[in-house]
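Report on one structure; see the data block that follows.
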Amino acid sequence: MNNFKVIRSQKPMFSFHVEKRSMGILILLAILLVAAVVISIGLGSTRIPVLEVLKTLVGLGNGTEQLIVLELRLPRIVLSVLVGAALAVSGAILQALVRNPLASPDLIGTTSGATASAMAFIAFSNGAYSIHWLPVAALIGGFFAAFLTYITAWKRGVSPFRFALIGVSISTAMSALSIYFILSGPIYLASQVYADAQNEKTRRAK
């Protein structure tokens with residue numbers, strides 16, 4: 001028990017153990033996150049020193065710095081932090097569900113399902129619907145692929161091994177559907193989708 005710290009509260013009443021090493025790592029990561037946010041706010045076409053960023057955050061900056069920091073850069077960085085936190089939590093939930101620390105959305109076909117749904121939307125809508133509906137279509141496809149994997153893997157419970165194996169199969173099938181939808185659509189849409197995919201791969205490689 002020497003490696004754990006007990007945290008208790010009377011109002012509201014709760015008690016739990018926290019590993020000291022994990023707590024230290026979390027505190028260190030929190031400090032690094034705050035430092036990265038402050039440094040990122042100062043970067044851009046208009047460079048702002050870290051000290052001036054801190055002054056602006058507490059309300060001591062001039063009008064131009066307040067506009068750049070509080071109105072333009074800070075909301076985007078906060079949104080990026082929240083998205084990253086959401087991805088981390090979803091990844092942890094998925095890994096706990098599959099009982100595999102290397103699990104990823106590719107494992108249960110979520111990514112491939114979202115891609116296939118997006119390709120179907122682009123190929124068959126033919127510009128009849130706004131592009132703003134594309135994320136909705138991708139979200140529905142991802143949920144459908146995950147649900148299909150779960151239902152197919154169910155047999156008096158879900159075995160992690162069977163869940164992962166069927167997830168890979170669903171992911172492969174969805175990838176094949178994506179190629180089919182690309183080839184079934186207008187040729188200019190296929191070229192555009194292929195070019196966007198190559199640009200995305202290049203961006204990730206960098």
Side-chain angles (χ1 to χ4, degrees), residues 1-108 110-115 118 131-132 134-136 138-139 142-143 146 164 167 171 195-206:
M1 296 296 293
N2 293 331
N3 295 329
F4 293 87
K5 180 177 179 59
V6 181
I7 299 178
R8 293 189 178 93
S9 175
Q10 298 296 330
K11 295 182 180 179
M13 185 176 295
F14 64 85
S15 176
F16 58 90
H17 294 79
V18 179
E19 188 180 9
K20 292 181 180 179
R21 182 173 178 272
S22 299
M23 182 182 293
I25 293 175
L26 287 175
I27 293 174
L28 177 61
L29 291 176
I31 294 174
L32 291 176
L33 176 62
V34 172
V37 168
V38 173
I39 294 174
S40 298
I41 292 175
L43 300 178
S45 57
T46 301
R47 295 294 183 93
I48 302 176
V50 173
L51 183 59
E52 296 300 324
V53 171
L54 295 175
K55 288 182 178 179
T56 304
L57 291 176
V58 298
L60 300 179
N62 56 42
T64 302
E65 291 175 347
Q66 287 184 354
L67 174 64
I68 295 175
V69 172
L70 301 179
E71 300 294 333
L72 299 179
R73 295 180 182 175
L74 184 60
R76 299 174 183 175
I77 294 176
V78 171
L79 181 60
S80 301
V81 172
L82 293 177
V83 170
L87 292 173
V89 171
S90 63
I93 293 174
L94 177 61
Q95 291 172 357
L97 177 64
V98 183
R99 301 174 197 171
N100 187 339
L102 300 178
S104 67
D106 296 339
L107 188 66
I108 60 174
T110 304
T111 304
S112 299
T115 303
I131 196 65
H132 294 94
L134 182 61
V136 177
L139 187 63
F143 273 118
S171 178
D196 292 342
Q198 293 301 316
N199 292 334
E200 181 66 17
K201 288 182 180 180
T202 303
R203 185 186 66 80
R204 289 183 179 181
K206 292 180 180 179

Less than 3.5 Å apart, which donor and acceptor atoms pair up between the side chains of residues 88-97 and the rest of the protein, not counting sequence neighbours?
| unit_1 | atom_1 | unit_2 | atom_2 | d |
| --- | --- | --- | --- | --- |
| Ser90 | OG | Ala86 | O | 3.2 |
| Ser90 | OG | Leu87 | O | 2.8 |
| Gln95 | NE2 | Pro101 | O | 3.1 |

Validation: residues 30-55 side-chain donor-acceptor distances under 3.5 Å, sequence neighbours left out:
| unit_1 | atom_1 | unit_2 | atom_2 | d |
| --- | --- | --- | --- | --- |
| Ser40 | OG | Ala36 | O | 2.7 |
| Arg47 | NE | Gly44 | O | 3.4 |

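Annotation: side-chain hydrogen bond (donor to acceptor under 3.5 Å, both in side chains) contacts of Ser171 (sequence neighbours excluded): Ser112. With sequence neighbours excluded, the residues forming a side chain to side chain contact (heavy atoms under 4.5 Å, CB included) with Ala164 are Leu107, listed by chain and number. Residues meeting the side chain to side chain contact (heavy atoms under 4.5 Å, CB included) test with Ser80, sequence neighbours left out: none. With sequence neighbours left out, the side chain to side chain contact (heavy atoms under 4.5 Å, CB included) criterion links Leu26 to no other residue. Partners of Thr115 under the side-chain hydrogen bond (donor to acceptor under 3.5 Å, both in side chains) rule, at least two apart in sequence or in another chain, do not exist in this structure.
From Leu57, atom CG reaches atom CG of Leu74 across 6.5 Å, with rounding to the nearest 0.5 Å.
Screening Thr64, Thr56, Ile77 for a side chain to side chain contact (heavy atoms under 4.5 Å, CB included) involving Val69 leaves a single residue, Thr56.
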